Amino acid sequence: MKAALYVRLSEEDRDKKSPENDSISIQNQKSMLLSYALEQGWYIYDFYSDDDFKGADRNRPEWQRLLADAEQKKFDAIVCKTQSRFTRELEMVEKYIHGLFPVWGIRFIGVVDNADTDNKGNKKSRQINGLVNEWYLEDMSESIKSALTTRREQGFHIGSVPLYGYIKDPDNKGKLLIDEEAAEIVREVFNLYASGYGKTYIARLLNDRGVPNPTEYKRLKGINYKVPSHKLGTHWKYFAIANMLINEIYIGTMVQGKYGSVSYKTGVNKPRPKSKWMRAENTHEPIINRELWDRVQELVKLNAKPFGNGKTGIFAKKAKCTYCDYTMRTAKSHGYYYLKCDTRHTSTNACPGGFISVKELEQTVLNELQRLLDENLNHDEVALGVRLVDNIAVRLTKLELNKSTYVKKIAEYSKAVKDSYMDKVKGIISESEFVKFSRDFTADKERIETLVKEIDEEIVALEHKSNATNDRRKIVEQYATINQLERVMVEKLICHIKIGKRDRESKKVPVEIHWNF
């Protein structure tokens, strides 16, 4: 008689010394079942061992292999320590032990609890055991849920891996500490977005610098955890930036319970409504201060569309049509950007439609703002809470490092073009492949050269600022001489702008600016 021996590590007795070794519990089960089978004089067909799997898990790999071999009648009996090691679900007991196994000619034996399908008299006891195991699963699930809910409500971190930017406190279970290396990237992302850069552009900047995304960063730090296949990869993506910008954990608020299990039997989690999320404030040190957080949330709500050099449209959600109060949209034509009212395209009786170029509107706002500053405002009030960089030297060092990384990238792209040309000459790649490689490398090289140019411009501006006097009044006066609008500036100073249709005689577009002061 050929016997298949099935063992499983229970949740209660994990005692692994290393991931490569079977737990002592598994070894003990194997010894028990082997001794039992040899005493019966049976031939051992194979061992089936599931380590670190629950009894209600129907996706256990060795359990699935056992069932497949049983259906093919590769052995005559299945031997387990107890019925619950095979399954804790009454449904599976009825389906296999009392249903399919007899049809396949397979005998089932639980050594410790005397479960044996050859003994017709203990079928009811097997069913009772199955029902008790089912109750155990349900009670254990509710008990674990209750305990976890209490911990979450108290602000303790529940989970194997903390959010990017934090690490677990080794001395205080459930508490988080700032991971300064990752936190520096988080701060940079928030500051870039607050300065008007779009999410896709920020992701591209990080990728160009070779900054590993959160998943890759954790892998490099030796943190192993299961990651969905669609999240694999080393590059930053739009949604990674988008999710980071709205995660309250970065301001010291623990937000958990966003997902909940459908049933203890399935192990499937589904999103829960925000009303059921668990929030606890001031549970850990924030990475982002409240002022920067609030400014970013305002920009996120605006949902501004990106255009031009990766920067967010400075007038997004601010420009409105004079005639219908419709929020004007951005359009592009012949390399220039415009703001237009689309209402006039919706029906024959629609409004005349406001229309202006972004460049013209920017200059109009600058002129009006400068006039107001000169005539009405005290220079100290012009600052409007905008903070200058506290430590210019630190920023300059970071810019120089970024520039160095970009310069190396440019050299790599230049070399790649030369190498691909030699491959074409040698016949390794075709003419069309060379053209494609050359075009892609050249495009990336030109984009990074633009970044280097922008960095050089910022370095010059910072060096000029560092040479200026420390007197606050003079700094404000320097800032008050505005030559270019920025998104943050528009957000602070302007409530909205009404724009009309260009006058045929004067050739001017009527613009009405509604200030926040």
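These numbers come from a predicted model, not from an experiment.
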Check: Do Met254 and Glu281 pass the side chain to side chain contact (heavy atoms under 4.5 Å, CB included) test, and can you show the C-alpha distance, the side-chain angles, and the key distance before you say yes or no?
Finding: CA-CA 6 Å; Met254 189 69 70; Glu281 297 182 355; over 6 Å; no
Notebook entry, point to check: Under the salt bridge (charged side-chain N to carboxylate O under 4.0 Å, His left out) criterion, do Lys221 and Glu181 qualify, and how do the steps go?
Noted result: CA-CA 11 Å; Lys221 292 294 183 180; Glu181 183 179 350; 3.0 Å; yes
Notebook entry, point to check: Where do Trp236 and Tyr164 land on the ring-ring contact (aromatic ring centres under 6.0 Å, His included) test, with the steps shown first?
Noted result: CA-CA 13 Å; Trp236 288 84; Tyr164 179 74; 5.7 Å; yes
Note to self: Is there a side chain to side chain contact (heavy atoms under 4.5 Å, CB included) between Ile202 and Tyr238? Walk through the geometry before answering.
What the structure shows: CA-CA 8 Å; Ile202 295 172; Tyr238 173 91; over 6 Å; no
Check: Can Lys403 and Leu399 be said to form a side chain to side chain contact (heavy atoms under 4.5 Å, CB included), step by step?
Finding: CA-CA 6 Å; Lys403 179 181 176 181; Leu399 286 172; over 6 Å; no
Checklist line | Residue pair Lys445, Glu449: steps toward the salt bridge (charged side-chain N to carboxylate O under 4.0 Å, His left out) verdict | finding: CA-CA 6 Å; Lys445 179 172 171 285; Glu449 285 173 342; 2.9 Å; yes
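Inter-residue side-chain proximity for Trp293 and Glu248 is flagged as met; some heavy-atom pair is nearer than 4.5 Å. When side chains are defined from C-beta on, Thr253 counts as touching Arg279, because their heavy atoms get closer than 4.5 Å. Using a 4.5 Å heavy-atom cutoff, the side chains of Phe190 and Leu245 are in contact. Put simply, the side chain of His235 does not reach to within 4.5 Å of the side chain of Leu206, judged on heavy atoms. Looking only at side-chain heavy atoms (C-beta outward), Val365 and Leu361 come within less than 4.5 Å of each other. Contact check for Met328 versus Ile499: side-chain heavy atoms found under the 4.5 Å cut-off. Contact annotation: the side chain of Glu184 never approaches that of Glu188 to less than 4.5 Å [non-hydrogen atoms, C-beta and beyond].
The backbone N or O of Arg187 lies less than 3.5 Å from no partner atom in the side chain of Tyr250, so there is not a single donor-acceptor pair. A donor-acceptor pair under 3.5 Å is formed between the side chain of Asn367 and the backbone N or O of Gln363. Judged purely by atom type and a 3.5 angstrom limit, Lys498 has no side-chain atom pairing as donor or acceptor with the backbone of Val511. For Arg502 (side chain) and Lys507 (main-chain N/O), a donor-acceptor pair under 3.5 Å exists by modelled atom type. Looking only at distances, a side-chain donor or acceptor of Asn213 sits under 3.5 Å from a matching main-chain atom of Glu216. A distance-only check finds no donor-acceptor pair linking the side chain of Asp51 to the backbone of Leu9 [under 3.5 Å]. No donor-acceptor pair closer than 3.5 Å links the side chain of Thr405 to the backbone N or O of Arg209. Judged by distance alone, the side chain of Thr322 and the main-chain N or O of Gly500 form a donor-acceptor pair under 3.5 Å. For the pair Ser195 (side chain) and Asn191 (backbone), a donor-acceptor distance under 3.5 Å is present. Side-chain atoms of Thr364 come within 3.5 Å of backbone atoms of Glu360 as a donor-acceptor pair (strictly under, hydrogens ignored).
Screening Asp179, Val161, Leu176 for a side chain to side chain contact (heavy atoms under 4.5 Å, CB included) involving Tyr166 leaves a single residue, Leu176.
Annotation for Val452 and Tyr406: closest pair CG2-CB, 3.5 Å, computed over non-hydrogen atoms. Minimum interatomic distance between Asp208 and Lys409 (heavy atoms only, all atoms of both residues): O-CE, 3.1 Å.
Not counting sequence neighbours, the partners of Pro61 by the side-chain contact (heavy atoms from CB on, under 4.5 Å) test are Asp50, Phe53.
Around CD of Gln297, the count of heavy atoms belonging to other residues, nucleotides or ligands within 6.0 Å exceeds 12.
The structure places CG of Leu192 at 14.0 Å from NZ of Lys199, a figure rounded to the nearest 0.5 Å.
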